[in-house]
Amino acid sequence: MSFKKNVDLLVGAQWGDEGKGKVVDMLGSEVDVFVRFQGGANAGHTVISEGQKVVFHLLPSGMLYPGKLCVLGNGLVIDPEQFLAETSELFNKGQDKARLAVSPHAHVVMPYHKMLDKLQEEARGKGRKIGTTGRGIGPCYVDKYSRSGLRVEDLLNPDVLRERLTYILEEKNLILTKLYNQKPLPFDEIYEPAKRWGEAIAPYVDDTRALLRKAVDEGQHILLEGAQAALLDIDHGTYPYVTSSSTSAAGAFTGTGLAPSDLTRVIAVVKAYTTRVGEGPFPTEDFEEAGETLRKNGGEYGATTGRPRRCGWLDMVALKYSMELNGASVIALTKLDVLTGMGGIKVCTAYDLDGERITSWPNDTRTLDELKPVYEVLPGWNEDITNCKTFEELPANAQAYVKYIEQSLNVPVFLIGVGADRTQTIVRG
Ligand code: IMP
């Protein structure tokens, strides 16, 4: 007997921090399995439930739901210290309600990855920094692809760990001492904790691909939870100012072992304005009062690093590109309430490059740096919308803004965030 597949993929459509955690949490009651498939503890997915705020950096945002399965897929880079800190925090608060499964094939972020992340950033110098989160993500993915990485399964077997770590550390110590003038890392200082991490993670390790295959074939509702966002994608983002994983829809398959034909719906999460953390092009960034107001009203400070986020207006050219890249079926529009009282709302409809009008995303960092946004100004609203429960309750101009987004992108907005809490969400029929 075959069941209808029920697999949703949720991806960020801008430069991250769109409020994906809240959307995942909001959809959570209908979901059976929550899955993260790329990235690591560079994410910061904030969930506010019953007045309590929980920020997940590594674990899926569905962890607060009792009885659900939460999966860390093979595409992740897992920082064991972060993993154990997050799981024990949930345990201590009595919130360890979901079942957690970790792929043995996920890669391990080791202490030297975090060191190298910071050292490389410093060495890049002014004007060349990426502005990474310092969580060791890039160096860990480098090791994965150069086949010098440690996978979760390697932590589980002390002999294998010893053997692999011996030659890996030799190479790392050469880099640390010769290139960065650092002290070498003593073997036991890395090996002993890594062995303990293996023991602590072992109970969670499972064949996640097989678990997911079974869940899909049984028609369970699966939510694949993307971290970061399309414009930070290693291939399709604003390279080199990107993260080191496939953050757009395609990454969900390599990162889990599921197949593209398993997918039923792609949910693109779009923030009602735009933010970016770290360096790199951002055509609609607002350096005036409006940018400051968006930062203040939207609480736009990094959930992982605390850095103030760069803020600006919605960029329809970038979003069109993002919708295409992700094959978006629907949009979850977040933080609409932050635009309340902003006066006229600017929307970028094209770019101007030396007098030439550009209407498609020029995915080239140098060009992106030089172009100027062409804005249309839409009327704003002043009414408090944080208690609106239906689309019809929104002020006419807020409704018009949502409709403008749908029509420009040709993708329906099915969910609208009007406040930080799970309950402050309008679901359209
Ligand atoms: P990394 O992922 O730490 O290597 O950082 C690379 C770039 O991605 C930097 O610009 C970071 O600020 C950005 N980045 C990484 N994770 C997130 C996120 O969860 N939200 C927003 N930006 C992120």
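For Glu192 and Lys195, the salt-bridge test passes: some basic side-chain N is under 4.0 Å from an acidic carboxylate O. Note on Arg99 versus Asp206: salt bridge recorded, some NZ/NE/NH1/NH2 to OD/OE distance being below 4.0 Å. Between Glu199 and Arg196, no side-chain nitrogen of the basic residue sits less than 4.0 Å from a carboxylate oxygen of the acidic one, so the salt-bridge criterion is not met.
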Just do the side chain to side chain contact (heavy atoms under 4.5 Å, CB included) check on Val35 and Leu223 with the steps written out, would you? CA-CA 6 Å; Val35 189; Leu223 183 59; over 6 Å; no

Arg310 and Glu285: CA distance, side-chain angles, deciding distance, salt bridge (Lys or Arg N to Asp or Glu O under 4.0 Å) verdict: CA-CA 7 Å; Arg310 300 157 63 192; Glu285 183 167 10; 2.9 Å; yes

From CA spacing to verdict: side chain to side chain donor-acceptor pair (under 3.5 Å), Lys389, Thr423: CA-CA 9 Å; Lys389 300 282 176 227; Thr423 54; 5.2 Å; no

Run the numbers on Leu176 and Leu116 for side chain to side chain contact (heavy atoms under 4.5 Å, CB included), then give the verdict. CA-CA 8 Å; Leu176 287 171; Leu116 285 170; 4.0 Å; yes

Kindly determine whether Gln38 and Leu76 satisfy side chain to side chain contact (heavy atoms under 4.5 Å, CB included), including the steps that lead there. CA-CA 4 Å; Gln38 47 68 229; Leu76 257 88; 5.7 Å; no

Carefully, step by step, assess Lys214 and Glu218 under the rule salt bridge (Lys or Arg N to Asp or Glu O under 4.0 Å). CA-CA 6 Å; Lys214 185 164 173 285; Glu218 287 174 358; 3.1 Å; yes

Between Leu333 and Ile405, does the side chain to side chain contact (heavy atoms under 4.5 Å, CB included) criterion hold? Intermediate values first, please. CA-CA 9 Å; Leu333 185 69; Ile405 294 169; 3.9 Å; yes

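Val23 has its side chain out of reach of Lys20: every pair of non-hydrogen atoms, C-beta onward, lies at least 4.5 Å apart. Leu161 places a side-chain heavy atom less than 4.5 Å from the side chain of Tyr191. At a threshold of 4.5 Å between non-hydrogen side-chain atoms, the residues Ile78 and Val109 do not count as touching. For the pair Val71 and Phe34, the minimum side-chain heavy-atom distance is 4.5 Å or more. At a threshold of 4.5 Å between non-hydrogen side-chain atoms, the residues Leu165 and Met110 count as touching. Using a 4.5 Å cut-off on side-chain heavy atoms (C-beta onward), Thr243 and Leu232 make contact. Pro283 is listed as a side-chain neighbour of Asp315, based on a closest heavy-atom distance under 4.5 Å. You'll find the side chain of Pro240 reaches within 4.5 Å of the side chain of Thr365, heavy atoms only.
Residues satisfying the ring-ring contact (aromatic ring centres under 6.0 Å, His included) test with Tyr301, not counting sequence neighbours, are none. Judged as a side-chain contact (heavy atoms from CB on, under 4.5 Å), and not counting sequence neighbours, the contacts of Val374 are Thr349, Ala350, Asp352, Arg357. Qualifying side-chain contact (heavy atoms from CB on, under 4.5 Å) partners for Thr254, counting only residues two or more places apart in sequence or in other chains: none. Here Tyr239 pairs with nothing under the ring-ring contact (aromatic ring centres under 6.0 Å, His included) rule; sequence neighbours left out. For Pro412, the side-chain contact (heavy atoms from CB on, under 4.5 Å) test picks out Val330, Glu406, with sequence neighbours left out. Not counting sequence neighbours, Glu383 has no partner by the salt bridge (charged side-chain N to carboxylate O under 4.0 Å, His left out) test. Scored by the ring-ring contact (aromatic ring centres under 6.0 Å, His included) test, Tyr204 finds Phe83 as partners (sequence neighbours excluded). For the side-chain contact (heavy atoms from CB on, under 4.5 Å) test, residues two or more places apart in sequence or in another chain that qualify with Ala268 are Ala13, Met323, Ala328.
Enclosure of atom CG in Asn410 is not indicated, since only 12 or fewer non-hydrogen atoms of other residues, nucleotides or ligands lie within 6.0 angstrom. For Lys296, the NZ atom sits in a loose shell: 12 or fewer heavy atoms of surrounding residues, nucleotides or ligands are nearer than 6.0 Å. The local environment of NZ in Lys93 is crowded, with over 12 non-hydrogen atoms from other residues, nucleotides or ligands closer than 6.0 Å. Environment of OH in Tyr167: crowded, with over 12 heavy atoms of neighbouring residues, nucleotides or ligands closer than 6.0 Å.
In this structure, Leu231 CG and Ser248 OG are separated by 9.5 Å, a value rounded to the nearest 0.5 Å. Atom OH of Tyr404 sits about 9.0 Å away from atom CG of Leu314, to the nearest 0.5 Å. Interatomic distance, Asn42 CG to Ile137 CD1, rounded to the nearest 0.5 Å: 3.5 Å.
Here the side chain of Ser103 pairs a donor or acceptor atom with the backbone of His105 at under 3.5 angstrom. With hydrogens and angles ignored, the 3.5 Å screen pairs a side-chain donor or acceptor of Arg295 with a backbone N or O of Arg309. Although no hydrogens or angles enter the test, the distance criterion places no donor-acceptor pair under 3.5 Å between the side chain of His107 and the main chain of Val77. Under the 3.5 Å distance criterion, the side-chain polar atoms of Gln399 are matched with a main-chain donor or acceptor of Leu394. Of the possible polar contacts, one joining the Arg36 side chain to the Gly40 backbone as a donor-acceptor pair under 3.5 Å is found. At least one donor-acceptor pair closer than 3.5 Å links the side chain of Lys68 to the backbone N or O of Ser29.
For residues 155-167, the set of pairs meeting the salt bridge (charged side-chain N to carboxylate O under 4.0 Å, His left out) definition, not counting sequence neighbours, comprises Asp154-Arg164. Residue pairs meeting the salt bridge (charged side-chain N to carboxylate O under 4.0 Å, His left out) criterion with at least one member in residues 103-114, sequence neighbours excluded, are Asp79-Lys114, Glu81-Lys114. Residue pairs meeting the salt bridge (charged side-chain N to carboxylate O under 4.0 Å, His left out) criterion with at least one member in residues 135-147, sequence neighbours excluded: Asp143-Lys172. Sequence neighbours left out, the pairs with a member in residues 255-274 that pass side chain to side chain donor-acceptor pair (under 3.5 Å) are Lys5-Asp262, Asp8-Arg265, Arg213-Asp262, Lys271-Thr275, Lys271-Glu300, Tyr273-Glu300.
For the residue pair Arg276 and Thr238, a side-chain donor N or O sits within less than 3.5 Å of a side-chain acceptor on the partner. Counting only N and O atoms by type, the side chains of Tyr112 and Asp117 include no donor and acceptor under 3.5 Å apart. With hydrogens and angles left out, the side-chain atoms of Lys118 and Thr132 include no donor and acceptor closer than 3.5 Å. Side-chain atoms of Thr247 and Gln228 form no donor-acceptor pair, as typed in the model, at a separation below 3.5 Å. In this structure, a donor-acceptor pair under 3.5 Å is absent between the side chains of Gln14 and Ser322.
Closest non-hydrogen pair, Val205 versus Pro104, comes out as CG1-CB, 3.8 Å. Here the shortest heavy-atom pairing between Asp25 and Ser61 reads OD1-O, 4.3 Å.
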